[in-house]
Protein chains: 2
Amino acid sequence: MVALNLVSRPNKRRQTPDQVSELTTNRLSIYLRSLNELDASGVQTVSSQGLAEQFHLNAAQIRKDLAYFGEFGVRGVGYYVKELRRHLRQILGLDRRLRVAILGAGNLGLALADYPGFRQEGFEIAALFDNLREKVGQQSRLGVPIFDIHDPSSIRSLPPASRGFSTSRRARCTCRMM
Amino acid sequence: MVALNLVSRPNKRRQTPDQVSELTTNRLSIYLRSLNELDASGVQTVSSQGLAEQFHLNAAQIRKDLAYFGEFGVRGVGYYVKELRRHLRQILGLDRRLRVAILGAGNLGLALADYPGFRQEGFEIAALFDNLREKVGQQSRLGVPIFDIHDPSSIRSLPPASRGFSTSRRARCTCRMM
DNA sequence: GCTTGTGAAATCCTTCACAGCC
DNA sequence: GGCTGTGAAGGATTTCACAAGC
């Protein structure tokens, strides 16, 4: 059993609005993936049309999604990839390290804990939880410690800088990889 | 990098409708998870209200979602858990074995390939793909074979019964676990 | 009594179309 | 010329409210 919170919703009330639709924020994380690639390929600017074609979306929708958080584009030019990427990471809350815990330290939990792709995106897998006594106290190959799922307070033994989880209400994982 | 297709959308045109909203089908798989648990606990019937409270949803919405595919409920009683579960599994296409491939045979891919939870839900992980020469030809601990990602035709060596994948267009994974 | 199924109303989301700007 | 930002129109989804049925 695995719990992860990868698609971090924006903080309520960041720079703008009352309520951002979840559909919008889901798309933002899609745009961000594309911007990461464009940036890595050295592309400087991209138009809403360009993004739209990639994802079979409507260009106006993309502009609306983005305009919702500010005026990031330049008329006649499009969006500067680096700049938009920075903005999206901030809007999605990916500009700070996000500490995450994984429930279940079986093969899957251990593999997820050490998966480099998460770290790369700014997620810090800070702890594993399991209900098997013999696992508690152990750690993953890369050193993620395993705690007793029935004794959440045991996490106190973590150094304070690593505490403070954003726990998702349900043990449910909604992740997009690459 | 991992590609999985867990939330199987219903076949276009099963028993009813022109177009089922993806929002609806996503919720169906949420209901199904709950029904699995209720069934396992021996609960016989559940009302739309009962389901709604669990997920912070509107009871009318749940009734609409379900009524879209037929009249599964009984007025004054609710829904029979076993029966509704069977219907949902059929609607979501989980009543037949679904063959799935995973791209990437790293730690994560290998752990996913052997994760028992998938099999349990009727998914058969039939193949792994990787681009590392030394991995091709190997297999996971439980015997899922690894193929060359650059040579998809190599999958021909699988016994015919295991062929025929539903490939997702993008290497993207949207899975909910438990 | 309680609960479903469902039109109608309300709300939310997407698309169009164009003014405004580079 | 090309592209963004955005009001308005159009669609879709959700919620309300209640008739119908057990």
Side-chain angles (χ1 to χ4, degrees), chain A residues 9-10 12 15-31 34-35 38 43-88 91, chain B residues 9-10 12 15-31 34-35 38 43-88 91:
Chain A
R9 312 258 357 258
K12 286 200 194 308
Q15 46 222 59
T16 342
D18 296 320
Q19 278 282 61
V20 189
S21 143
E22 186 164 354
L23 295 169
T24 297
T25 57
N26 283 348
R27 282 192 300 268
L28 290 186
S29 71
I30 294 179
Y31 306 155
S34 171
L35 290 169
L38 289 172
V43 177
Q44 303 273 318
T45 67
V46 67
S47 69
S48 60
Q49 187 59 40
L51 286 172
E53 276 158 17
Q54 228 179 113
F55 303 116
H56 286 255
L57 290 176
N58 182 292
Q61 179 163 74
I62 296 183
R63 295 200 296 276
K64 271 245 159 89
D65 285 344
L66 297 176
Y68 205 67
F69 295 93
E71 303 210 354
F72 303 143
V74 180
R75 288 158 203 239
V77 176
Y79 300 88
Y80 288 106
V81 170
K82 270 187 200 304
E83 191 191 315
L84 184 56
R85 175 170 180 275
R86 202 168 48 239
H87 277 122
L88 287 189
I91 292 166
Chain B
R9 311 260 355 260
K12 286 200 194 306
Q15 47 222 60
T16 340
D18 295 322
Q19 278 281 60
V20 189
S21 142
E22 185 164 354
L23 295 169
T24 297
T25 57
N26 284 348
R27 281 192 302 267
L28 290 186
S29 72
I30 293 178
Y31 308 154
S34 171
L35 291 169
L38 289 172
V43 177
Q44 303 274 320
T45 66
V46 66
S47 69
S48 59
Q49 187 59 39
L51 285 172
E53 276 158 16
Q54 227 180 114
F55 303 117
H56 286 254
L57 289 175
N58 183 292
Q61 178 163 76
I62 295 183
R63 294 201 297 277
K64 271 246 159 91
D65 285 344
L66 297 176
Y68 204 68
F69 296 94
E71 304 209 354
F72 302 143
V74 182
R75 289 159 203 239
V77 176
Y79 300 88
Y80 289 106
V81 171
K82 270 188 200 301
E83 192 191 315
L84 184 55
R85 175 169 181 275
R86 201 169 48 240
H87 277 121
L88 287 190
I91 291 166

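Excluded from the calculations below are hydrogen atoms, water molecules and symmetry mates; all remaining heavy atoms, backbone and side chain alike, are included.
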Compare the minimum distances between each of [options] and the side chain of [X], then state the nucleotide with the smallest one.
{"X": "B:Asn58", "options": "C:dC22, D:dT6, D:dT15", "answer": "D:dT15"}
{"X": "B:Lys64", "options": "D:dT15, D:dG5, D:dG7", "answer": "D:dT15"}
{"X": "A:Arg75", "options": "D:dT13, C:dT15, D:dG2", "answer": "D:dG2"}

Earlier contact from the 5' end, DNA chain D, for A:Gly78 and A:Ala67: A:Gly78

At under 4.0 Å, does any side-chain N or O of [X] touch on OP1 or OP2 of [N]?
{"X": "A:Arg27", "N": "C:dT14", "value": "yes"}
{"X": "B:Tyr79", "N": "C:dG5", "value": "yes"}
{"X": "B:Ser48", "N": "C:dT3", "value": "no"}

[N] [atom2] sits how many Å from [X] [atom1], rounded?
{"X": "B:Gln61", "N": "C:dG5", "atom1": "CD", "atom2": "P", "value": "15 Å"}
{"X": "B:Leu57", "N": "D:dT13", "atom1": "CG", "atom2": "P", "value": "15 Å"}
{"X": "B:Glu22", "N": "D:dG11", "atom1": "CD", "atom2": "P", "value": "21 Å"}
{"X": "B:Glu53", "N": "C:dT3", "atom1": "CD", "atom2": "P", "value": "10 Å"}
{"X": "B:Leu23", "N": "D:dG11", "atom1": "CG", "atom2": "P", "value": "19 Å"}
{"X": "B:Asp65", "N": "D:dT13", "atom1": "CG", "atom2": "P", "value": "11 Å"}
{"X": "A:Leu51", "N": "D:dT4", "atom1": "CG", "atom2": "C1'", "value": "13 Å"}
{"X": "A:Asn26", "N": "C:dT14", "atom1": "CG", "atom2": "C1'", "value": "16 Å"}

Would you mind reporting whether [Y] and [X] have side-chain heavy atoms less than 4.5 Å apart?
{"X": "B:Tyr31", "Y": "B:Leu57", "answer": "yes"}
{"X": "B:Leu28", "Y": "B:Leu66", "answer": "yes"}
{"X": "B:Tyr79", "Y": "B:Leu38", "answer": "no"}

A:Leu88 CG to A:Ile30 CD1 distance, which is reported to the nearest 0.5 Å: 12.0 Å

A:Ser48 OG to A:Asn58 CG distance, which is reported to the nearest 0.5 Å: 8.5 Å

Of A:Thr24 and A:Val74, the one whose closest DNA chain C nucleotide lies more 5': A:Thr24

Residue whose nearest DNA chain C nucleotide is more 5′ - B:Arg63 or A:Ala60: B:Arg63

